Number of protein chains: 2
Amino acid sequence: MPITMKDIARMAGVSVVTVSRALNNKPDINQGTKDSIIQIAKDLDYTPHGLARSLITRKTNTLGIIIPNTEDSFYAAVVDGIGNESREREYSVILCSSHSDPDEELRMLRLLREKRVDGMLVYPTQEDDRYIDVLRHSPIPFVFLNRHTDALECDYVINDNIHGAFSAVDELIRKGYYQIIYICARPDASSGKERIAGCKAAFRKHDLDSRNLRIMTCEETIQSCYDLVKGIIKDTSGKPDALFLWDDRLAIGAIKALLEENLSIPEDMAVVGYDDIEISKFLYPSLTTVRQPTYQIGGTATRILIDKLESQDFAGPQRIVLKPELVVRETT
Amino acid sequence: MPITMKDIARMAGVSVVTVSRALNNKPDINQGTKDSIIQIAKDLDYTPHGLARSLITRKTNTLGIIIPNTEDSFYAAVVDGIGNESREREYSVILCSSHSDPDEELRMLRLLREKRVDGMLVYPTQEDDRYIDVLRHSPIPFVFLNRHTDALECDYVINDNIHGAFSAVDELIRKGYYQIIYICARPDASSGKERIAGCKAAFRKHDLDSRNLRIMTCEETIQSCYDLVKGIIKDTSGKPDALFLWDDRLAIGAIKALLEENLSIPEDMAVVGYDDIEISKFLYPSLTTVRQPTYQIGGTATRILIDKLESQDFAGPQRIVLKPELVVRETT
DNA sequence: TTCGTAATCGATACCGTTACCGTTTACATA
DNA sequence: TATGTAAACGGTAACGGTATCGATTACGAA
């Protein structure tokens with residue numbers, strides 16, 4: 001039985017309405033009674049009841065996040081960006097991991113609706129459109145993270161995968177690497193397709209035969225990339241001189257495989273990663289990589305969402321494309 | 001204006017009470033009316049109003065997490081453990097990062113109380129006891145993560161820092177490294193003190209002069225550790241033959257510094273980390289490290305908390321100590 | 001004196017749900 | 001026939017706040 005406004009009201013000899021006015025800086029209240037009410041509330045260590053308040057104001061000051069997982073440091077950075085921005089704007093955050101499971105995503109969605117979050121930040125696992133339909137029919141505003149959708153009037157913040165991959169391969173070609181393998185973890189996802197397109201665009205720019213670009217697929221684990229690269233080294237057909245990896249984690253696996261086989265980097269083989277996670281700079285050799293504005297993706301998406309929530313006039317859908325930046329280090 | 005039970009009731013020609021019974025599998029309802037009500041609810045795409053429900057049931061099915069930050073992959077693993085366990089038990093999670101700021105911690109605490117979370121998982125930044133006082137006087141059950149406190153009746157899940165550090169140094173000594181430097185990031189925190197104690201215990205066990213153990217301090221950034229190790233290498237006084245690092249991130253910085261100075265690992269210098277983050281296995285050379293059951297810390301703490309919430313009879317405080325495990329790889 | 005107005009406060013309804021208890025009906029039992 | 005009992009449902013009051021509007025008071029102006 002925690003302290004309620006009723007208790008305070010009784011002690012102060014006023015009505016709950018007056019207490020509410022005092023505690024929320026509302027007008028129509030005498031400064032004196034206000035002070036004493038605030039004092040009493042402090043003495044009793046009163047804590048406002050968020051649920052009761054939200055029920056009537058129809059505002060929870062809470063956002064929901066749905067992301068594929070929470071273990072990957074890439075997503076952790078996104079969440080960090082979201083967390084910081086929303087904290088500044090006085091919103092809380094309910095975190096939901098879908099574990100890359102579409103059904104789970106739908107469940108989380110329902111959950112967030114039940115919890116009456118004011119808005120949602122959604123990083124979809126899949127490209128499935130029925131999922132988008134559900135979102136659109138939901139009354140809760142949302143912003144997509146790294147999910148490109150022109151089909152409808154919805155906001156998103158993405159990074160320019162095409163440009164990112166392009167700048168990586170362009171760098172390789174300009175340094176004289178022509179036999180390039182792109183090791184892609186999600187070739188069927190939109191981000192995968194875009195990056196592959198970016199690779200090809202770089203070849204076109206330099207008038208090179210794009211048959212020199214090989215696309216290979218591996219799982220999103222370091223081990224699987226390590227194994228794949230081992231195989232590539234053993235394989236004598238074709239002689240790649242550069243590897244462009246899906247992300248920095250996989251690049252670490254690739255580097256280990258190369259070094260173990262006594263190949264020198266970047267002389268025998270150049271390596272380029274994607275993301276620029278913290279440790280990439282401190283690898284030996286340090287990793288050339290495409291820096292994704294991961295933190296900003298979370299931050300700006302949150303800003304857009306809250307702006308939308310708090311402004312009456314709805315401007316058209318916000319579609320923000322953040323440019324990744326190539327960071328050249330020792331592996332090229 | 002979303003659909004409410006009232007709407008359903010009107011359509012079904014029954015009272016809201018009956019609707020509530022139908023939708024919540026309560027007794028005292030005819031199967032036929034129940035079916036039709038459920039059908040109507042489905043047709044209208046009814047979403048229960050969590051706030052209203054929680055207000056009367058006094059249960060939000062939500063937990064609050066307070067951790068120092070969300071960017072570090074170490075904490076991400078903890079959060080992952082919490083998220084998975086709570087999802088299985090049908091609890092949501094409100095994530096709060098304190099940014100290692102005590103005042104912020106207090107604010108988050110108030111926030112979670114306002115939101116009426118059922119319980120909290122707290123990973124305190126500081127050792128400050130006034131903070132613990134606030135927690136104890138709060139009506140909300142909580143479990144500490146990696147925070148040791150015998151002073152009061154509270155639950156916690158920690159890992160055995162003493163044993164972890166001991167096993168690392170013990171390994172070094174047994175392999176013939178006697179001039180060991182422990183680079184500690186948080187020497188004043190309880191975890192720091194415990195690890196230092198663990199180091200010393202290993203020296204005692206082998207009857208070695210603990211003056212051969214040097215404790216050095218650096219910030220919790222890779223860069224600062226890298227700089228520190230560079231300094232150590234240049235410094236000719238004392239000739240360490242092994243480094244034991246605060247965590248794997250710092251170990252990566254140390255390794256880079258060593259390799260750049262053409263020292264070979266582990267011949268010239270052995271290196272041991274702490275945590276066993278995913279990439280440690282894929283470094284070249286791969287890192288010997290103390291594997292912390294990070295994920296389990298989050299998971300078991302959540303289990304304890306929910307068990308406590310859902311059981312009437314309160315068993316005494318749960319205090320769980322998880323043993324870290326030394327993983328020997330190529331840097332020793 | 002009368003009236004308007006600003007300042008201050010309270011009564012009441014409501015937000016959407018569940019808890020609690022009472023009511024009705026049907027039917028078996030004494 | 002009278003009574004007991006179980007099944008099925010509804011009425012009402014919460015839960016803890018805020019919105020809305022109306023009431024009271026004091027005071028200066030007409």
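FYI, side chains are in, hydrogens and waters are out, and symmetry mates aren't considered; it's all heavy atoms of this structure. Computed from a predicted structure; not experimentally measured. Residue numbers begin at 1 in each chain, while the letters A, B, ... track the order of the sequences.
- Within 4.0 Å of B:S54, counting heavy atoms only, lies no atom of the nucleic acid at all.
- For B:K26 and C:dT17, the NZ to P distance is 13 Å, given to the nearest whole Å.
- The shortest distance between the side-chain N/O atoms of B:T18 and the OP1/OP2 oxygens of D:dC9 is not below 4.0 Å.
- Evaluated for a side chain to side chain contact (heavy atoms under 4.5 Å, CB included) with A:Y91, the options A:T62, A:L309, A:V117 yield exactly one hit, A:L309.
- Among the atoms of the strands shown, none is found under 4.0 Å from any heavy atom of A:V16.
- Atom CG in B:N25 sits roughly 12 Å away from atom P in C:dT18 (whole-Å rounding).
- Using a 4.0 Å cut-off, no side-chain N or O of B:R58 falls inside it from OP1 or OP2 of C:dT18.
- No hydrogens or angles considered: nothing links the side chains of B:Q39 and B:D35 as a donor-acceptor pair under 3.5 Å.
- In terms of position along DNA chain C, the nucleotide closest to B:A52 lies nearer the 5' end than the nucleotide closest to the other residue of the pair B:D28 and B:A52.
- For the pair A:K59 NZ and D:dG16 P, the computed distance is 23 Å after rounding to whole Å.
- Of the charged side-chain nitrogens involved, none lies within less than 4.0 Å of a carboxylate oxygen, so that B:R319 and B:D155 do not count as a salt-bridged pair.
- One can find a donor-acceptor pair under 3.5 Å joining the base of C:dG10 and the side-chain atoms of A:R21.
- Using a 4.0 Å cut-off, no side-chain N or O of A:T57 falls inside it from OP1 or OP2 of D:dA19.
- Atoms CD1 (B:I29) and C1' (D:dA8) sit 8 Å apart, rounded to a whole Å.
- In this entry the distance linking CG of B:L55 with P of D:dA13 reads 17 Å, nearest Å.
- A:S20 has a side-chain polar atom (N or O) that falls below the 4.0 Å cut-off from OP1 or OP2 of D:dT18.
- Considering only the side chain of B:V17, D:dT12 comes nearest among C:dC9, D:dG16, D:dT12.
- Comparing D:dG17, C:dG10, D:dG10 against the side chain of A:S15 picks out C:dG10 as the nearest.
- For C:dT18, the OP1/OP2 oxygens have a side-chain nitrogen or oxygen of B:N24 closer than 4.0 Å.
- The shortest distance between the side-chain N/O atoms of A:K34 and the OP1/OP2 oxygens of C:dT8 is not below 4.0 Å.
- Contact of the B:Q292 side chain with the B:N146 side chain is registered, since non-hydrogen atoms from C-beta on lie closer than 4.5 Å.
- Within the structure, every side-chain polar atom (N or O) of B:Y46 is placed at least 4.0 Å from both OP1 and OP2 of C:dG16.
- Across all strands shown, B:K6 has no heavy atoms under 4.0 Å from either base or sugar-phosphate atoms.
- Separating the CD1 atom of A:I56 from the P atom of D:dC15 is a distance of 16 Å, rounded to the nearest angstrom.
- Between B:H99 and A:N84, the side chains place a donor N or O and an acceptor N or O closer than 3.5 Å (distance only, hydrogens not considered).
- Using a cutoff of 4.0 Å between basic side-chain nitrogens and carboxylate oxygens, A:D307 and A:R89 are scored as salt-bridged.
- Protein atom CZ of A:R53 is 17 Å distant from nucleotide atom C1' of C:dC14, rounded to whole Å.
- Spacing between atom CE of B:M5 and atom P of C:dC15 amounts to 15 Å, rounded to whole angstrom units.
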